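Encoded as C-alpha coordinates, the structure appears first; notes follow it.
Keep in mind that the numbers below use all heavy atoms, side chains included, and drop hydrogens, waters and symmetry copies. Because the structure is predicted, anything quoted here is derived from the model rather than measured. Here is how names work: the chains are called A, B, and so on, in the same order as the sequence lines, proteins then strands, and each is numbered from 1.
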Amino acid sequence: MTPETTPADLVAFFDRSAVEVGRDLIGATFCVDGVGGIVVETEAYEPDDPASHSFRGETPRNRAMFGPPAQTYVYRSYGIHWCLNFVCRPGSAVLIRALQPTMGLETMIARRGLADPRRLCAGPGRLCEALGIDLSHDGRPLSTNPFALALSGLPQPLVSGPRIGISRAVDLPWRFGLAGSRYVSKTFRQPA
DNA sequence: CTTTGGATTGTCT
DNA sequence: GACAATCCAAAGA
(Lines give C-alpha, C1' and ligand atoms only; values in the text may rest on other atoms or scores of the structure.)
Protein backbone atom coordinates (compact mmCIF):
# COMPACT_ATOMS: atom_id res chain seq x y z
CA MET A 1 0.00 0.00 0.00
CA THR A 2 1.13 3.52 -0.68
CA PRO A 3 2.20 5.42 2.44
CA GLU A 4 -0.38 8.13 1.76
CA THR A 5 -3.48 8.53 -0.40
CA THR A 6 -3.98 12.13 -1.55
CA PRO A 7 -7.38 13.85 -1.95
CA ALA A 8 -6.92 13.82 -5.73
CA ASP A 9 -6.20 10.09 -5.62
CA LEU A 10 -9.44 9.54 -3.73
CA VAL A 11 -11.56 11.58 -6.14
CA ALA A 12 -10.13 9.65 -9.11
CA PHE A 13 -10.73 6.36 -7.32
CA PHE A 14 -14.36 7.14 -6.46
CA ASP A 15 -15.33 8.81 -9.76
CA ARG A 16 -16.34 5.43 -11.22
CA SER A 17 -19.29 3.05 -11.01
CA ALA A 18 -20.21 1.76 -7.56
CA VAL A 19 -19.63 -1.83 -8.69
CA GLU A 20 -16.02 -1.10 -9.62
CA VAL A 21 -15.38 0.93 -6.48
CA GLY A 22 -17.09 -1.62 -4.25
CA ARG A 23 -14.79 -4.36 -5.54
CA ASP A 24 -11.65 -2.26 -5.29
CA LEU A 25 -12.39 -1.06 -1.75
CA ILE A 26 -11.96 -4.54 -0.33
CA GLY A 27 -8.64 -4.58 1.52
CA ALA A 28 -8.52 -0.81 2.08
CA THR A 29 -7.97 0.51 5.59
CA PHE A 30 -10.58 2.92 6.95
CA CYS A 31 -10.48 4.81 10.24
CA VAL A 32 -12.53 7.44 12.06
CA ASP A 33 -10.48 9.31 14.65
CA GLY A 34 -7.96 6.50 14.61
CA VAL A 35 -10.57 3.78 15.13
CA GLY A 36 -11.23 1.29 12.34
CA GLY A 37 -9.74 -1.51 10.29
CA ILE A 38 -9.70 -3.35 6.97
CA VAL A 39 -12.73 -3.19 4.68
CA VAL A 40 -13.86 -6.79 4.18
CA GLU A 41 -17.45 -6.39 2.89
CA THR A 42 -19.23 -3.84 0.66
CA GLU A 43 -22.37 -3.47 -1.46
CA ALA A 44 -22.81 -1.39 -4.64
CA TYR A 45 -25.84 0.83 -5.36
CA GLU A 46 -26.19 2.36 -8.83
CA PRO A 47 -28.38 5.18 -10.27
CA ASP A 48 -30.53 2.83 -12.38
CA ASP A 49 -30.79 0.35 -9.53
CA PRO A 50 -34.30 -0.09 -8.07
CA ALA A 51 -32.74 -1.00 -4.71
CA SER A 52 -30.78 2.27 -4.52
CA HIS A 53 -31.96 5.27 -2.52
CA SER A 54 -31.03 7.41 -5.54
CA PHE A 55 -33.36 5.50 -7.90
CA ARG A 56 -36.27 7.92 -7.50
CA GLY A 57 -34.18 11.05 -7.71
CA GLU A 58 -32.66 13.47 -5.26
CA THR A 59 -34.37 14.16 -1.90
CA PRO A 60 -33.12 15.91 1.23
CA ARG A 61 -32.22 12.55 2.72
CA ASN A 62 -30.11 11.22 -0.15
CA ARG A 63 -28.64 14.49 -1.43
CA ALA A 64 -25.08 13.41 -0.57
CA MET A 65 -25.38 10.59 -3.12
CA PHE A 66 -25.65 13.24 -5.85
CA GLY A 67 -22.74 15.32 -4.57
CA PRO A 68 -19.06 15.04 -5.44
CA PRO A 69 -17.29 11.65 -5.31
CA ALA A 70 -15.20 10.62 -2.30
CA GLN A 71 -17.62 11.89 0.34
CA THR A 72 -19.86 10.06 2.80
CA TYR A 73 -23.59 9.35 2.67
CA VAL A 74 -24.99 8.44 6.10
CA TYR A 75 -28.64 7.49 6.69
CA ARG A 76 -30.75 5.92 9.42
CA SER A 77 -31.98 2.41 8.84
CA TYR A 78 -35.09 0.89 10.42
CA GLY A 79 -35.36 3.93 12.66
CA ILE A 80 -32.54 2.60 14.82
CA HIS A 81 -29.19 2.13 13.11
CA TRP A 82 -26.87 4.30 11.06
CA CYS A 83 -25.43 3.10 7.75
CA LEU A 84 -22.27 4.44 6.10
CA ASN A 85 -21.76 4.78 2.34
CA PHE A 86 -18.96 6.15 0.18
CA VAL A 87 -20.23 8.25 -2.75
CA CYS A 88 -18.97 7.38 -6.25
CA ARG A 89 -20.28 8.85 -9.52
CA PRO A 90 -23.50 10.90 -9.08
CA GLY A 91 -26.29 8.69 -7.80
CA SER A 92 -23.86 5.86 -7.03
CA ALA A 93 -22.57 4.75 -3.65
CA VAL A 94 -20.95 1.83 -1.86
CA LEU A 95 -22.38 0.64 1.46
CA ILE A 96 -19.64 -0.31 3.92
CA ARG A 97 -20.93 -3.51 5.52
CA ALA A 98 -18.03 -4.90 7.56
CA LEU A 99 -14.51 -4.22 8.79
CA GLN A 100 -11.82 -6.39 10.27
CA PRO A 101 -11.00 -4.30 13.34
CA THR A 102 -7.31 -3.41 13.62
CA MET A 103 -7.12 -0.02 15.35
CA GLY A 104 -8.83 1.35 18.44
CA LEU A 105 -10.16 -2.01 19.60
CA GLU A 106 -10.73 -0.80 23.14
CA THR A 107 -12.84 2.13 21.91
CA MET A 108 -14.95 -0.15 19.74
CA ILE A 109 -15.45 -2.63 22.55
CA ALA A 110 -16.60 0.16 24.85
CA ARG A 111 -19.01 1.60 22.27
CA ARG A 112 -20.46 -1.78 21.34
CA GLY A 113 -20.47 -3.30 24.82
CA LEU A 114 -19.07 -6.46 23.29
CA ALA A 115 -15.57 -7.91 23.04
CA ASP A 116 -15.85 -10.45 20.19
CA PRO A 117 -13.69 -8.93 17.40
CA ARG A 118 -15.64 -10.88 14.80
CA ARG A 119 -18.84 -9.11 15.70
CA LEU A 120 -17.57 -5.61 16.46
CA CYS A 121 -17.99 -4.32 12.88
CA ALA A 122 -19.88 -7.19 11.18
CA GLY A 123 -22.83 -5.34 9.65
CA PRO A 124 -23.55 -1.73 8.63
CA GLY A 125 -25.27 -0.76 11.88
CA ARG A 126 -22.69 -2.44 14.09
CA LEU A 127 -19.85 -0.83 12.14
CA CYS A 128 -21.32 2.65 12.60
CA GLU A 129 -21.80 2.08 16.31
CA ALA A 130 -18.19 0.87 16.70
CA LEU A 131 -16.79 3.82 14.72
CA GLY A 132 -19.06 6.44 16.28
CA ILE A 133 -20.72 7.34 12.95
CA ASP A 134 -23.96 9.35 12.97
CA LEU A 135 -25.78 11.95 10.85
CA SER A 136 -23.19 14.60 11.69
CA HIS A 137 -20.81 12.64 9.43
CA ASP A 138 -23.15 12.84 6.39
CA GLY A 139 -21.79 14.50 3.24
CA ARG A 140 -18.23 14.95 4.50
CA PRO A 141 -15.11 14.37 2.41
CA LEU A 142 -13.19 11.18 3.05
CA SER A 143 -9.88 12.97 2.59
CA THR A 144 -10.14 15.04 5.79
CA ASN A 145 -10.54 14.54 9.53
CA PRO A 146 -11.90 12.60 11.20
CA PHE A 147 -11.65 10.16 8.30
CA ALA A 148 -8.62 8.30 6.99
CA LEU A 149 -8.76 5.96 4.02
CA ALA A 150 -5.75 4.10 2.66
CA LEU A 151 -6.35 2.07 -0.49
CA SER A 152 -4.71 -1.33 -0.60
CA GLY A 153 -3.28 -0.77 -4.08
CA LEU A 154 -3.05 -4.54 -4.60
CA PRO A 155 -5.50 -7.10 -5.99
CA GLN A 156 -7.42 -8.93 -3.27
CA PRO A 157 -9.06 -12.38 -3.40
CA LEU A 158 -12.78 -11.60 -3.77
CA VAL A 159 -16.10 -13.30 -3.35
CA SER A 160 -19.47 -11.87 -4.39
CA GLY A 161 -23.16 -12.56 -3.99
CA PRO A 162 -26.63 -11.03 -3.74
CA ARG A 163 -27.09 -7.96 -1.56
CA ILE A 164 -28.65 -8.35 1.88
CA GLY A 165 -31.87 -6.91 3.27
CA ILE A 166 -33.33 -5.55 0.01
CA SER A 167 -36.54 -6.49 -1.80
CA ARG A 168 -35.79 -5.25 -5.32
CA ALA A 169 -33.07 -6.25 -7.80
CA VAL A 170 -32.41 -9.17 -5.48
CA ASP A 171 -30.45 -11.19 -8.02
CA LEU A 172 -27.66 -8.73 -8.81
CA PRO A 173 -24.37 -10.02 -7.31
CA TRP A 174 -23.31 -6.62 -6.02
CA ARG A 175 -22.20 -7.66 -2.55
CA PHE A 176 -18.42 -8.07 -2.34
CA GLY A 177 -16.22 -9.65 0.30
CA LEU A 178 -12.65 -10.55 1.09
CA ALA A 179 -12.38 -14.26 0.35
CA GLY A 180 -11.97 -16.34 3.47
CA SER A 181 -12.50 -13.46 5.88
CA ARG A 182 -14.20 -14.36 9.13
CA TYR A 183 -15.18 -10.76 9.79
CA VAL A 184 -18.00 -10.51 7.22
CA SER A 185 -21.57 -9.99 8.43
CA LYS A 186 -22.82 -13.18 6.82
CA THR A 187 -20.89 -15.94 5.10
CA PHE A 188 -20.84 -15.96 1.29
CA ARG A 189 -22.09 -19.03 -0.48
CA GLN A 190 -19.14 -21.06 -1.74
CA PRO A 191 -18.33 -20.54 -5.42
CA ALA A 192 -19.71 -23.33 -7.64
C1' DC B 1 -25.72 -23.97 14.13
C1' DT B 2 -30.39 -21.68 11.96
C1' DT B 3 -34.86 -19.36 12.23
C1' DT B 4 -38.16 -16.01 13.93
C1' DG B 5 -40.25 -11.82 15.54
C1' DG B 6 -40.02 -7.24 17.79
C1' DA B 7 -37.96 -2.60 18.27
C1' DT B 8 -38.41 2.22 16.35
C1' DT B 9 -38.55 6.56 13.33
C1' DG B 10 -37.57 9.23 9.09
C1' DT B 11 -39.24 9.28 4.57
C1' DC B 12 -42.21 8.78 0.87
C1' DT B 13 -46.99 7.40 -1.11
C1' DG C 1 -50.32 4.61 6.57
C1' DA C 2 -46.58 1.60 4.89
C1' DC C 3 -42.21 0.43 4.74
C1' DA C 4 -37.10 0.15 5.25
C1' DA C 5 -29.53 -1.09 2.34
C1' DT C 6 -30.71 -3.96 10.53
C1' DC C 7 -29.76 -5.99 15.00
C1' DC C 8 -30.65 -8.77 18.91
C1' DA C 9 -32.52 -12.19 21.92
C1' DA C 10 -34.87 -16.32 22.26
C1' DA C 11 -36.03 -20.79 20.81
C1' DG C 12 -35.43 -24.93 18.02
C1' DA C 13 -32.49 -28.57 15.42
Side-chain angles (χ1 to χ4, degrees), chain A residues 14 17-26 30 32 37 39-67 69 71-101 108-140 142 159-178 180-190:
Chain A
F14 281 101
S17 76
V19 171
E20 291 176 89
V21 173
R23 271 193 331 240
D24 293 350
L25 270 176
I26 301 296
F30 177 66
V32 181
V39 177
V40 297
E41 183 182 348
T42 63
E43 281 180 3
Y45 289 88
E46 299 281 9
D48 297 345
D49 170 11
S52 173
H53 288 174
S54 61
F55 183 64
R56 291 175 192 175
E58 184 174 345
T59 68
R61 178 208 203 188
N62 66 18
R63 80 189 186 290
M65 279 189 83
F66 295 88
Q71 69 172 354
T72 56
Y73 165 45
V74 177
Y75 69 91
R76 195 186 274 284
S77 176
Y78 290 89
I80 303 172
H81 312 287
W82 297 107
C83 291
L84 171 68
N85 296 254
F86 294 167
V87 176
C88 307
R89 293 197 301 219
S92 312
V94 171
L95 173 67
I96 309 302
R97 288 194 54 91
L99 298 183
Q100 174 179 344
M108 294 193 225
I109 290 168
R111 285 172 176 158
R112 296 267 300 116
L114 186 111
D116 181 358
R118 284 199 200 177
R119 287 191 173 176
L120 276 181
C121 299
R126 292 166 173 164
L127 183 155
C128 283
E129 185 175 31
L131 269 52
I133 298 283
D134 61 34
L135 194 58
S136 73
H137 297 91
D138 184 40
R140 301 196 43 187
L142 290 169
V159 286
S160 64
R163 293 172 291 180
I164 293 181
I166 59 173
S167 53
R168 320 172 76 131
V170 190
D171 293 332
L172 294 173
W174 286 355
R175 175 180 177 236
F176 305 105
L178 181 63
S181 173
R182 283 182 268 223
Y183 295 89
V184 297
S185 62
K186 191 178 171 188
T187 56
F188 286 76
R189 225 206 94 164
Q190 292 285 12

Exercise. Would you please indicate if the ring centroids of A/Y75 and A/H53 are separated by under 6.0 Å?
Key: yes

Exercise. For A/L135 and A/V74, work out which heavy atoms get closest and say how close.
Key: CD1-O, 3.7 Å

Quiz item: Between C/dA5, B/dT11, B/dT13, which nucleotide gets closest to the side-chain atoms of A/S52?
Solution: C/dA5

Exercise. Report yes if a side-chain nitrogen or oxygen of A/R126 is closer than 4.0 Å to either non-bridging phosphate oxygen (OP1 or OP2) of C/dC8; otherwise report no.
Key: yes

Quiz item: How many Å lie between OH on A/Y45 and P on C/dA4, as a whole number?
Solution: 12 Å

Exercise. Specify the separation, in whole Å, of atom CZ of A/R119 and atom P of C/dT6.
Key: 17 Å

Quiz item: Who does B/dT8 pair with, Watson-Crick or G-U, both distances under 3.5 Å?
Solution: none

Exercise. Taking only the side-chain heavy atoms of A/I80 (C-beta and beyond), determine which of C/dC7, B/dT8, C/dA5 contains the nearest atom.
Key: B/dT8

Quiz prompt | Nearest-Å distance for atom pair CG/P, residues A/D116 and C/dC8 | solution = 11 Å

Quiz item: When all nucleic acid strands are considered with a 4.0 Å heavy-atom cut-off, which category describes A/R61: base, sugar-phosphate, or nothing?
Solution: sugar-phosphate

Exercise. Nearest whole angstrom, please: distance from the P of C/dA5 to the CG of A/L127.
Key: 18 Å

Practice problem: Round to a whole Å and report the spacing from CZ of A/R56 to C1' of C/dA4. | Solution: 12 Å

Quiz item: Does C/dA5 pair with anything, Watson-Crick or G-U wobble, both distances under 3.5 Å, and if so, with which nucleotide?
Solution: none

Practice problem: Would you mind classifying the nucleic acid contact of A/R112 as base, sugar-phosphate or nothing, using non-hydrogen atoms under 4.0 angstrom? | Solution: sugar-phosphate

Quiz item: For C/dC7, does OP1 or OP2 lie under 4.0 Å from any side-chain N or O of A/R76?
Solution: no

Quiz item: Can a donor-acceptor pair be found between the side chains of A/R97 and A/S185 at a distance below 3.5 Å?
Solution: yes

Self-check item: Nearest-angstrom distance from the residue atom CG of A/L120 to P of C/dT6
Solution: 19 Å

Quiz item: For the side chain of A/T59, counting heavy atoms from C-beta on, which of C/dA5, C/dT6, B/dC12 is nearest?
Solution: B/dC12

Exercise. Find out whether the Lys NZ or Arg CZ of A/R61 is both under 6.0 angstrom from the six-membered ring centre of A/Y73 and within 45° of the ring's axis.
Key: no

Self-check item: Side-chain-base donor-acceptor pair under 3.5 Å for A/Y75 and C/dA5
Solution: yes

Practice problem: Please check if the distance between the ring centroids of A/Y45 and A/F55 is under 6.0 Å. | Solution: no

Quiz prompt | A/Y78 side chain, from C-beta outward: closest of C/dC7, B/dT13, C/dA4 | solution = C/dA4

Quiz prompt | Gap between atom OG1 of A/T42 and atom CG of A/L99 - 0.5 Å precision | solution = 11.0 Å

Quiz item: How close or far is atom C1' of C/dT6 from atom CD of A/E41, stated in whole angstroms?
Solution: 13 Å

Quiz item: Between atom CG in A/N62 and atom C1' in C/dA5, what is the gap in whole Å?
Solution: 13 Å

Exercise. Indicate, with a heavy-atom threshold strictly under 4.0 Å, whether A/S167 touches base, sugar-phosphate, or nothing.
Key: sugar-phosphate

Practice problem: Look at the side-chain N and O atoms of A/H81 and state whether any lies under 4.0 Å from the OP1 or OP2 oxygen of C/dC7. | Solution: no

